[in-house]
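The structure appears right after this line, and notes come after that.
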Amino acid sequence: MALAAKACRGSVASMMEAELTRAISGALERLGVHVDSSRIGLERPARTDHGDWSSNVALVNAKAARQAPRDLAQRLADELATAGVRHLDRTDVAGPGFVNLHLAPSWLHEVLEAVMEGGTERYARHDLGAGQIVSLEFVSANPTGPLHAGGGRWGAFGDSLARLFRRCGYATITEYYVNDLGAQVLLFGQSLVARMIGDPVPDDGYHGEYVADWASELAGELRSGAGDEDDLAQRLRDAAREAGHAPIPVGTPPEVRFAAAWGIERALRDVRETLESMNVSFAHWQHESELAASGAMDDVFGRLRADNKTRSEADAEWLCTSEYGDDKDRVLYRSNGEPTYFLPDIAYHDAKFSLDRFRRLQQHGGVAGDAAHSDPSGELDLVIDVLGADHHGYVPRISAAMQMLGHPAESYEAIVGQNVTLMRDGKVIELSKRTGTMVEVRELVDAVGPDVARFAFLLQSIDSRQTIDIDLLSAQAAENPVFYVQYAHARIASVARRAESDGVAPVPPRGTDLSPLTGDRELALLRALEVLPSVVEIALRERAPHKVTTWVRDLAAAFHGFYHDCPILHSDVPPEVRDARLCLTEGTRIGLAIGLDLLGVDAPEAM
RNA sequence: GCGCUUGUAGCUCAAUUGGACAGAGCAUCUGACUACGGAUCAGAAGGUUCGGGGUUCGAAUCCCUGCAAGCGCGCCA
């Protein structure tokens with residue numbers, strides 16, 4: 001944490017904060033009060049009449065200094081006022097003993113200079129990660145159907161979190177785990193076959209509408225092939241003999257395996273298209289079957305057993321996860337000799353730590369950010385899973401397994417998000433691929449567009465359950481807050497166009513006199529820009545992309561207010577005011593572009 | 001029963017992780033420049049932050065307790 005704060009010392013605000021902290025520290029020394037600098041709290045008050053910065057030192061340290069908080073505060077305020085602190089206009093004492101520091105607008109002008117110089121690329125970019133590598137896995141819905149709402153939420157969240165990591169100096173690899181082995185895939189294949197040849201779908205199979213659709217799609221593909229065989233079942237068998245198989249248990253009829261393999265690809269195509277329509281993409285799609293074929297499961301099991309982390313009981317092989325904080329031990333191999341899902345999951349998570357694997361995937365492209373790692377024997381610094389609440393019970397066992405395999409406890413992190421309740425016309429929709437009634441993310445995106453959908457997912461904290469009423473969202477699409485933000489961006493582009501056609505020279509990135517920017521609306525807008533670097537840092541640290549959403553709305557609001565009250569290009573605006581305002585406008589555009597990019601939402605030139 | 005998460009304006013959600021008078025958007029009501037884009041702006045109204053204790057200068061936030069909701073607790077995945 002201390003390290004993180006230090007690494008962030010780039011922004012104007014954090015430099016100002018450091019300066020003020022030093023000034024307070026020095027002033028206290030002169031007053032004969034010794035305070036550890038870590039006990040000097042500085043924050044930006046919610047109300048502007050409480051100053052630009054405010055400190056609670058007097059409150060926190062009054063007892064140790066044997067002085068009344070307000071007395072100490074007053075002496076500190078007086079001492080600071082004459083200390084010649086840069087930008088410091090005046091000080092006062094308020095409330096129970098806060099020392100409020102009022103700065104001259106000049107400090108905010110420095111902020112705008114930094115925004116202009118940094119631009120979209122460098123403003124609010126941090127080096128917290130210093131090239132560390134982070135793996136993020138999210139969505140990973142079973143490839144047995146289209147993406148449901150939860151997948152949409154984790155997609156938007158995971159992708160934005162990855163963007164935050166990259167902006168903060170981490171290299172990332174984003175992964176989708178394709179669960180193409182096991183019972184669900186088998187059932188999926190059986191359901192497809194049943195739909196094709198008119199048999200009843202198994203009770204515990206997949207009954208959704210899409211299964212019928214896809215079955216007829218597959219039937220169509222088979223029919224369009226050569227041959228005059230009318231019997232669909234026979235065609236399936238023929239096709240199965242030649243084509244690929246899903247790697248599900250041997251002994252399964254070949255046509256089921258064939259249909260399953262086809263179905264998985266069909267589902268994945270659907271999932272991928274849907275996510276990409278929301279601007280979510282993955283660097284790597286890891287198939288479980290490929291992992292199994294590589295022998296990773298045997299390898300991991302061997303290592304765990306050699307390390308005495310396993311035991312046998314009732315003909316099954318158990319992993320002693322309870323020794324690492326889990327409620328109880330977990331089965332790796334069932335008494336019938338088959339592995340549970342847990343073993344491949346361990347193998348996968350172990351593999352994600354591998355730097356070799358990361359390098360291999362990096363060569364295939366898709367890995368983003370600059371990895372500074374050079375130690376070939378090292379491993380990834382952080383492996384993150386984004387999970388729905390229905391999987392939270394699984395976290396302790398994976399965490400335990402990772403520790404057993406030698407990965408530091410803090411290098412595996414599970415982010416558990418609350419599930420999404422999807423409604424249509426005020427009624428809750430059951431989210432189940434098996435019962436058939438569900439609303440797909442695709443449907444949501446089609447109805448309201450990708451920006452509204454993505455913004456909606458990122459509007460609130462991942463900790464709170466989310467209810468999205470697809471009809472309500474459609475009906476109110478025009479009033480959606482995303483347009484409020486995008487409109488601000490488009491307005492700015494419009495100002496630039498107007499300036500050009502009026503023959504006004506564009507403002508250079510530096511050198512513009514910003515001193516005319518002293519009005520309330522101008523200062524409010526500058527303050528909004530000022531906090532972006534810390535918003536980015538906090539959003540990353542708290543794994544909370546929705547903080548960016550909140551900020552981007554605040555910035556847009558500040559801009560609309562400014563735009564309404566402060567004419568820029570009117571003929572009666574003096575050139576120096578005009579240029580300063582143009583500068584502020586461009587700075588706002590930079591801020592909006594950064595925020596919207598982190599959210600994966602388009603920043604349009606016109607609407 | 002145990003564990004995780006949550007409970008804030010009529011509705012949907014924020015709240016700088018312990019700071020000052022709890023803020024936005026919808027919805028309701030009232031206004032604004034014959035417009036550098038009105039998809040905008042200003043104002044009004046709306047609160048016992050689920051209840052009850054506690055900690056301290058200070059609590060929506062931390063502790064205890066009760067209530068309510070979601071999820072999890074398999075040799076299923």
Side-chain angles (χ1 to χ4, degrees), chain A residues 41 43-47 49-50 54 56 58-60 62-63 68-70 94-98 100 142 179 181-185 204 313-318 327-328 330-336 338-342 344-345 388-396 416-419 421 456 459-469 472 476 478-481 483-488 490-499 501-502 504 521 531 534-535 538 541-542 546-547 549-550 553-554 556-557 559-571 573 578 581-582 585 606-607:
Chain A
E43 62 178 16
R44 276 155 290 201
R47 304 165 58 89
D49 50 310
H50 289 152
S54 177
N56 61 2
L59 286 164
V60 176
K63 205 169 280 179
R70 275 199 70 107
F98 289 102
N100 293 337
N142 276 341
N179 215 304
L181 289 179
Q184 293 308 315
V185 171
D204 51 355
E313 183 190 315
D315 290 330
E317 289 294 327
W318 298 70
D327 292 338
K328 53 186 170 184
R330 307 289 170 175
V331 172
L332 292 174
Y333 280 105
R334 290 188 275 251
S335 49
N336 66 5
E338 292 290 319
T340 63
Y341 77 98
F342 185 35
D345 270 5
D390 52 341
H391 285 99
H392 81 257
Y394 136 120
V395 173
V416 177
Q418 297 303 303
N419 290 332
T421 308
L459 211 43
Q460 51 186 276
S461 157
I462 203 85
D463 286 333
S464 69
R465 245 182 310 147
Q466 187 168 39
T467 308
I468 292 183
D469 188 320
L472 202 62
Q476 299 176 341
E479 287 90 53
N480 194 279
F483 295 132
Y484 181 81
V485 178
Q486 291 183 317
Y487 182 55
R491 261 185 157 174
I492 292 171
S494 167
V495 169
R497 286 191 295 268
R498 178 60 174 254
S501 71
D502 284 1
V504 175
R521 315 237 54 160
V531 294
S534 74
V535 167
I538 290 167
R541 200 171 59 216
E542 298 180 8
H546 79 275
K547 305 232 171 197
T549 316
T550 303
R553 294 175 71 180
D554 286 347
F559 176 75
H560 285 309
F562 158 76
Y563 182 87
H564 190 267
D565 284 2
C566 305
I568 304 166
L569 298 170
H570 287 186
S571 56
V573 176
R578 177 198 66 200
R581 287 178 176 169
L582 274 175
T585 303
M607 296 178 69

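Below, chains carry the letters A, B, ... as their sequence lines are ordered, and counting in each starts from 1. Excluded from the calculations below are hydrogen atoms, water molecules and symmetry mates; all remaining heavy atoms, backbone and side chain alike, are included. Since the model is a prediction, treat every value here as computed from it, not as a measurement.
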Categorize R498(A) for me: base, sugar-phosphate, or nothing, with a 4.0 angstrom heavy-atom threshold over every strand shown.
sugar-phosphate
Regarding U12(B), purine or pyrimidine glycosidic angle vs 90° from 0 gives anti
At under 4.0 Å between heavy atoms, what does E479(A) touch on the DNA or RNA strands: base, sugar-phosphate, or nothing?
nothing
Could you list all N or O pairs between the protein and nucleotides 55-60 of chain B that sit under 3.5 Å apart?
residue : atom : partner : partner atom : Å
C57(B)  : OP1  : K63(A)  : NZ           : 3.2

Have a look at A499(A) and say if it touches a base, only the backbone sugar-phosphate, or nothing, with a 4.0 Å heavy-atom cut-off.
nothing
For T550(A), report the nucleic acid contact type (base, sugar-phosphate, nothing); a contact means any heavy atom under 4.0 Å.
sugar-phosphate
Set out, line by line, the N/O atom pairs under 3.5 Å between protein and nucleotides 42-46 of chain B.
residue : atom : partner : partner atom : Å
A42(B)  : OP1  : R521(A) : NH2          : 2.8

Within the 4.0 Å heavy-atom criterion, would you say S464(A) contacts the bases, only the backbone, or no part of the nucleic acid?
sugar-phosphate
The criterion is side chain to side chain donor-acceptor pair (under 3.5 Å); which residues satisfy it with R44(A), sequence neighbours excluded?
E530(A)
Does C41(B) have its OP1 or OP2 closer than 4.0 Å to a side-chain nitrogen or oxygen of H560(A)?
no
C11(B) phosphate, OP1 or OP2, under 4.0 Å from T467(A) side-chain N/O
no
Spacing of F559(A) atom CZ relative to G37(B) atom P, expressed in whole Å:
10 Å
For the base of C76(B) and the side-chain ring of Y341(A), does the geometry meet a stacking cutoff of under 5.5 Å between centres and under 30° between planes?
no
Any N/O pairs under 3.5 Å between the protein and nucleotides 1-3 of chain B? List them or say none.
residue : atom : partner : partner atom : Å
G3(B)   : N2   : H392(A) : NE2          : 2.7

The ring pair (Phe, Tyr, Trp, His ring centres under 6.0 Å) partners of F98(A) (sequence neighbours excluded) come to none
Reading RNA chain B 5' to 3', how would its secondary structure be written in dot-bracket notation, given Watson-Crick and G-U pairs with both distances under 3.5 Å, brackets [ ] for crossing pairs and | for partners on other strands?
(((((((..((((.....[...)))).(((((.......))))).....(((((..]....))))))))))))....
Among A77(B), A14(B), C36(B), the one nearest R334(A) by side-chain distance
A77(B)
Please determine if a side-chain N or O atom of Y563(A) lies less than 4.0 Å away from the OP1 or OP2 oxygen of G37(B).
yes
